Q: 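Take a look at the following structure, please.
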Amino acid sequence: MTSSDLWTRDDAERYDDPDDWVNSPEVTGPVARFLADLADGGPALELAIGTGRIGVPLRELGVPVTGIELAQPMVDVLRRKVTEEEIPVVVGDMASAEAPGVGTYSLVYLVYNTVSNLLTQDEQVACFANAARHLAPGGRFVIELWVPELRLLPPTAVAATFDVSDRHVGLDTVDIATQLLTSHHFTKEGDTYRRGESNHRYIWPSECDLMARLAGMALEARYGGWDRSPFTSDSLSHVSVWRKPA
């Protein structure tokens with residue numbers, strides 16, 4: 001069983017919050033277009049497809065999409081948007097589950113920091129290997145992942161603040177020795193705040209490259225965002241593309 005947190009029905013129902021900027025067409029549109037360009041007419045597999053935030057608009061661009069998703073409640077929400085025939089989904093662990101058509105995908109992708117949901121290095125290595133296994137020769141694996149801002153965590157601090165707004169306060173607690181991080185969310189609902197937590201294992205870009213190399217893939221490109229902006233030492237996240245040999 002994967003070490004990932006298992007999303008509940010309540011989590012799934014809140015996931016498509018229209019007030020959350022990540023669900024806006026201004027965000028999902030560029031992601032889908034970037035991925036459609038890399039798929040180059042071939043089929044795509046989304047690991048941790050969730051409620052279809054990216055998979056649905058990618059399919060609307062003409063890319064055949066299949067998904068793997070650990071949490072059935074997330075798939076239940078996806079089914080309100082598309083049928084099983086339109087986007088098939090295997091319920092299982094993205095580090096080991098097998099989708100139909102293994103070895104034939106032009107693109108496998110994993111967005112919005114989701115690879116960090118796997119809380120051990122072994123599972124993350126297995127996830128890269130599973131992506132490579134599903135790719136056709138010459139296919140690409142894409143991830144979107146944040147760059148840990150450990151500079152914000154002085155030695156005496158117990159947490160680093162990553163968001164403060166009228167609706168949400170977010171804090172990260174970090175164990176540097178294990179690369180384990182817990183995000184604490186305080187979200188305003190009416191006159192009260194709902195508290196939630198999510199657990200992650202952060203990965204440095206260089207560690208991702210080694211995982212890809214172990215899976216037989218090589219880095220093709222790394223960007224600072226979906227707009228293909230340069231990745232620099234000041235980038236807060238990266239979009240990385242690895243390619244399986246043809």
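No hydrogens, no waters, no symmetry mates; every other heavy atom, side chains included, goes into these values. Since the structure is predicted, the reported quantities are computational estimates derived from the model, not experimental observations.
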Q: Got Gln124 and Arg201 here, is their nearest side-chain heavy-atom distance under 4.5 Å?
A: yes
Q: Check each of His185, His200, His184 against Phe162 using the ring-ring contact (aromatic ring centres under 6.0 Å, His included) test, and report the only one that passes.
A: His185
Q: With rounding to the nearest 0.5 angstrom, report the NE2 to CZ distance, His134 to Phe141.
A: 11.5 Å
Q: Should Met94 and Leu118 count as side-chain neighbours, where that means a heavy-atom distance under 4.5 Å?
A: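 Yes, at least one pair of side-chain atoms sits under 4.5 Å.
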Q: Can Leu61 be reached from Leu35 by stepping across I, L, V, M, F, W or Y side chains whose heavy atoms are under 4.5 Å apart?
A: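 They do not share one cluster, since no chain of ILVMFWY contacts under 4.5 Å joins Leu35 to Leu61.
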Q: Test of understanding: with salt bridge (Lys or Arg N to Asp or Glu O under 4.0 Å), list the residues that count as partners of Asp37, not counting sequence neighbours.
A: Arg228
Q: What heavy-atom pair brings Leu78 and Thr51 nearest, and what distance separates the two atoms?
A: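 Closest approach of Leu78 to Thr51: CD1-O, 3.5 Å.
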Q: Which atom pair, heavy atoms only, marks the closest approach of Ala212 to Trp242?
A: CB-CD1, 3.4 Å
Q: Is there a path from Ile87 to Ile54 through hydrophobic residues (I, L, V, M, F, W, Y) whose side chains come within less than 4.5 Å of each other?
A: yes
Q: Do Phe231 and Val147 come close enough that some side-chain heavy atom pair is under 4.5 Å?
A: yes
Q: Is Val63 reachable from Val102 through a run of hydrophobic residues whose side-chain heavy atoms are each under 4.5 Å from the next?
A: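 In one cluster with Val102: Val63, no.
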Q: Are the side chains of Phe128 and Cys208 in contact, using a 4.5 Å heavy-atom criterion?
A: yes
Q: May I ask you to test the Leu180-Leu119 pair for a side-chain heavy-atom distance under 4.5 Å?
A: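 When only atoms from C-beta onward are counted, Leu119 and Leu180 do touch, with a gap below 4.5 Å.
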Q: Does the structure place the NZ or CZ of Arg53 under 6.0 Å from the centre of the six-membered ring of Tyr112, at an angle of no more than 45° from the ring's axis?
A: yes
